[in-house]
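The first residue of the sequence shown is numbered 1, and numbering continues consecutively from there. Values below: every heavy atom of this structure, side chains too, minus hydrogens, waters and symmetry copies.
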Amino acid sequence: MVVETLERALGDRSAEGEAAEVLVGTALNDDDPEFVERWCVQVGMRAVSGSPLLGLAGLCLGHTARRFGRLSDDALALAELLAVRAEADPTDVDGRAVDGYDDVRSFLHLW
């Protein structure tokens, strides 16, 4: 259900609301860190500019770092990229990506 919902939203923006709930629920509750991270990264890389899913993917990477104490190099780079994009143009990526990257740096001790 998670994969299908997220895949649908990446191809059909009308499904973004349901996908947002699924992504957050997965980041907060799923016990498989690789699965959680993979889908945060997929959404963060594939959602179109202006999609609320971009900022949410960054925020969920922050949740993932908090819950599991680690992120892959690719996920870490994406969290930083989404935050930079959000700071440069909040109509591209919303500010939740900045909050997520702050969490990543804090929970992974990257200050």
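Between Arg66 and Leu28, some side-chain heavy-atom pair lies under the 4.5 Å cut-off. With contacts defined as side-chain heavy-atom distances shorter than 4.5 Å, the pair Val93/Leu81 does not qualify.
With values rounded to the nearest 0.5 angstrom, Leu23 atom CG is found 12.5 Å from Glu18 atom CD. The distance from the CG atom of Leu59 to the OG1 atom of Thr64 is 9.5 Å, given to the nearest 0.5 Å.
The side-chain contact (heavy atoms from CB on, under 4.5 Å) search around Val3 returns Glu7, Phe35, Trp39, not counting sequence neighbours. Applying the side-chain hydrogen bond (donor to acceptor under 3.5 Å, both in side chains) test to Asp73 and every residue at least two apart in sequence or in another chain returns nothing. Considering only residues two or more places apart in sequence or on other chains, Asp92 meets the salt bridge (Lys or Arg N to Asp or Glu O under 4.0 Å) condition with Arg85. In this structure Asp99 satisfies the salt bridge (Lys or Arg N to Asp or Glu O under 4.0 Å) test with no other residue, sequence neighbours excluded. Every residue two or more places apart in sequence or in another chain that forms a side-chain hydrogen bond (donor to acceptor under 3.5 Å, both in side chains) with Ser51 is listed here: Glu16. Shown here are the side-chain contact (heavy atoms from CB on, under 4.5 Å) partners of Ser72, two or more places apart in sequence or in another chain: Glu37, Asp74, Ala75. Residues forming a side-chain contact (heavy atoms from CB on, under 4.5 Å) with Asp94 (at least two apart in sequence, or on another chain): Pro52, Arg96. Take Glu87 and apply the side-chain contact (heavy atoms from CB on, under 4.5 Å) test, not counting sequence neighbours, and it matches Val98.
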Trace of the side chain to side chain contact (heavy atoms under 4.5 Å, CB included) decision for Val48 with Leu10: CA-CA 8 Å; Val48 298; Leu10 291 169; over 6 Å; no
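Residues in residues 47-60 take part in no salt bridge (charged side-chain N to carboxylate O under 4.0 Å, His left out) pair, two or more places apart or across chains. A salt bridge (charged side-chain N to carboxylate O under 4.0 Å, His left out) check over residues 51-63, counting only residues at least two apart or in different chains, returns nothing. For residues 102-111, the set of pairs meeting the salt bridge (charged side-chain N to carboxylate O under 4.0 Å, His left out) definition, not counting sequence neighbours, comprises Asp102-Arg105. Legend: salt bridge (charged side-chain N to carboxylate O under 4.0 Å, His left out) pairs involving residues 49-61, not counting sequence neighbours: none detected.
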